[in-house]
Amino acid sequence: MGALLGLSRGIDRVNSAIGRSASWLILVAVLVSAGNAVIRKALSTSSNAWLELQWYLYGAAFLGAAAYTLKENEHIRIDIIYGLWTRRRQHWIDLIGHVFFLMPFVTLMIWYIYPWVLRSWHNGEVSTNAGGLVLWPAKMLLLVGFVMLFFQGISEIIKKIAVMRGIIEDPTPFVSVHEAAAMEGEVMVREMQAVFDEDADNGESRK
């Protein structure tokens with residue numbers, strides 16, 4: 001199990017680095033979008049290449065961060081009865097979901113996307129829009145994103161089994177919506193109390 005956990009840590013490090021870096025692409029996309037809008041209004045000119053670059057950047061950010069989001073257990077889940085069960089039963093649900101739903105879906109997507117990307121690359125496929133960009137890099141982003149998600153799924157399965165066997169601590173302990181709201185409320189109360197205490201100290205010092 002030690003070797004598998006080492007593999008899991010390696011996958012986590014790579015996907016975390018890529019995911020954090022991908023977040024900066026949102027800023028780049030916003031700057032490109034704003035710059036394109038200013039040029040279009042000020043100079044009455046534009047280019048489909050700039051518009052498609054925005055799509056590329058947003059797609060790269062989304063796909064690059066998908067595996068990292070899975071690692072942090074931040075994907076949206078519709079919690080109807082999950083939060084009512086014991087943590088061990090939740091682990092079983094997560095493990096079954098990863099093995100029987102996530103991994104088959106991701107594997108199927110890689111299987112179908114790979115030849116699609118290869119054809120696009122060999123044909124030098126270009127956007128049908130005038131002045132548009134080449135298409136195979138955008139399609140390659142899909143493939144890379146799903147490959148990263150595939151490896152992160154393996155990492156999550158390894159960690160989930162290790163947690164259930166008591167080998168490691170739970171890296172993403174479940175917090176229900178009510179618990180999260182209560183914790184947020186406690187933080188707000190402490191912050192307000194700190195402000196009141198500071199005001200009281202200032203009032204005393206002025207006297």
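Everything numeric here is computed off the predicted structure, so don't read it as measured data.
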Salt bridge (charged side-chain N to carboxylate O under 4.0 Å, His left out) contacts touching residues 33-60 (sequence neighbours left out): none
Connected via hydrophobic side-chain network under 4.5 Å: M140 and Y114: yes
message: Do I113 and K139 have side chains that approach each other closer than 4.5 Å (heavy atoms only, starting at C-beta)?
response: no
message: Within this structure, what is the CD-CD1 distance for the pair Q152 and I157, rounded to the nearest 0.5 Å?
response: 10.5 Å
task: Output, in order, the C-alpha distance, side-chain angles, deciding distance and verdict of side-chain contact (heavy atoms from CB on, under 4.5 Å) for V28 and L31.
output: CA-CA 5 Å; V28 178; L31 294 175; 5.7 Å; no
- request: Determine which pairs satisfy side chain to side chain donor-acceptor pair (under 3.5 Å) with at least one residue from residues 62-74, sequence neighbours left out, and list them in order.
  value: N73-R77
message: With a 6.0 Å cut-off (strictly less than), is the heavy-atom count around OH of Y58, excluding the residue itself, greater than 12?
response: yes
- prompt: For the residue pair L53 and L133, what are the closest heavy atoms and their distance?
  reply: N-CD1, 3.8 Å
- prompt: Does L142 reach the side chain of V117, with side-chain heavy atoms less than 4.5 Å apart?
  reply: no
Residue pair V144 / V147, side-chain heavy-atom distance below 4.5 Å: no
- prompt: Going hydrophobic residue to hydrophobic residue with side-chain gaps under 4.5 angstrom, can you get from W24 over to L57?
  reply: no
- prompt: Looking at side-chain heavy atoms only, is the closest gap between F146 and W111 below 4.5 Å?
  reply: no
query: With distance as the sole test, does H75 use its side chain to make a donor-acceptor pair with the main-chain N or O of A66 at under 3.5 Å?
result: yes
message: Ignoring hydrogens, what is the shortest heavy-atom contact between V163 and P171? Give both atom names and the distance.
response: CG2-CD, 3.8 Å
- request: Kindly work out whether a path of hydrophobic side-chain contacts (I/L/V/M/F/W/Y, heavy atoms less than 4.5 Å apart) joins L70 to L143.
  value: yes
message: Counting C-beta onward and ignoring hydrogens, is there a side-chain heavy-atom pair between I154 and M103 closer than 4.5 Å?
response: yes
message: Check for me, please, whether L63 and Y56 land in the same ILVMFWY cluster - side-chain distances under 4.5 Å, paths through other members count.
response: no
field: Check: E156 and D94 side chains under 4.5 Å, non-hydrogen atoms
entry: no
field: Rounded distance (nearest 0.5 Å) linking atom CG of L7 with atom CG of D12
entry: 9.5 Å
message: Which heavy atom of A60 sits nearest to which heavy atom of L25, and what is that distance?
response: CB-CD1, 3.5 Å
message: Apply side-chain contact (heavy atoms from CB on, under 4.5 Å) to residues R190 and V187 and explain how you reach the verdict.
response: CA-CA 5 Å; R190 286 197 296 269; V187 170; 3.4 Å; yes
message: Working to the nearest 0.5 angstrom, can you tell me the gap between R13 CZ and S8 OG?
response: 9.5 Å
task: Please report the shortest heavy-atom distance between K159 and I168, naming the atom on each side.
output: O-CD1, 3.9 Å
query: Which is it for W50 and I39 under the side-chain contact (heavy atoms from CB on, under 4.5 Å) test, yes or no, and what are the steps along the way?
result: CA-CA 11 Å; W50 288 105; I39 292 172; 5.9 Å; no
query: When rounded to the nearest 0.5 angstrom, what is the spacing between CD1 in I11 and OG in S16?
result: 11.0 Å
- line: A61 and I26 have their tightest heavy-atom pair at CB-CD1, 3.6 Å
query: If we only count heavy atoms from C-beta on, is the V14 to F151 side-chain gap below 4.5 Å?
result: no
- prompt: Under a single-linkage definition using a 4.5 Å side-chain heavy-atom cutoff for Ile, Leu, Val, Met, Phe, Trp and Tyr, are F105 and F150 assigned to the same hydrophobic cluster?
  reply: yes
task: Search all heavy atoms of M148 against all heavy atoms of G64 and return the closest pair with its distance.
output: CE-O, 3.4 Å
Nearest-0.5 Å distance that lies between atom NZ in K160 and atom CD1 in I93: 10.5 Å
- prompt: To the nearest 0.5 Å, how far apart are CG in L149 and OG1 in T107?
  reply: 10.0 Å
field: Side chains of I158 and M1 in contact at under 4.5 Å (non-hydrogen atoms)
entry: yes
Main-chain N/O of A17 paired with S21 side-chain donor or acceptor, under 3.5 Å: yes
message: For the residue pair Q90 / R87, report whether a side-chain donor-acceptor contact shorter than 3.5 Å exists.
response: yes
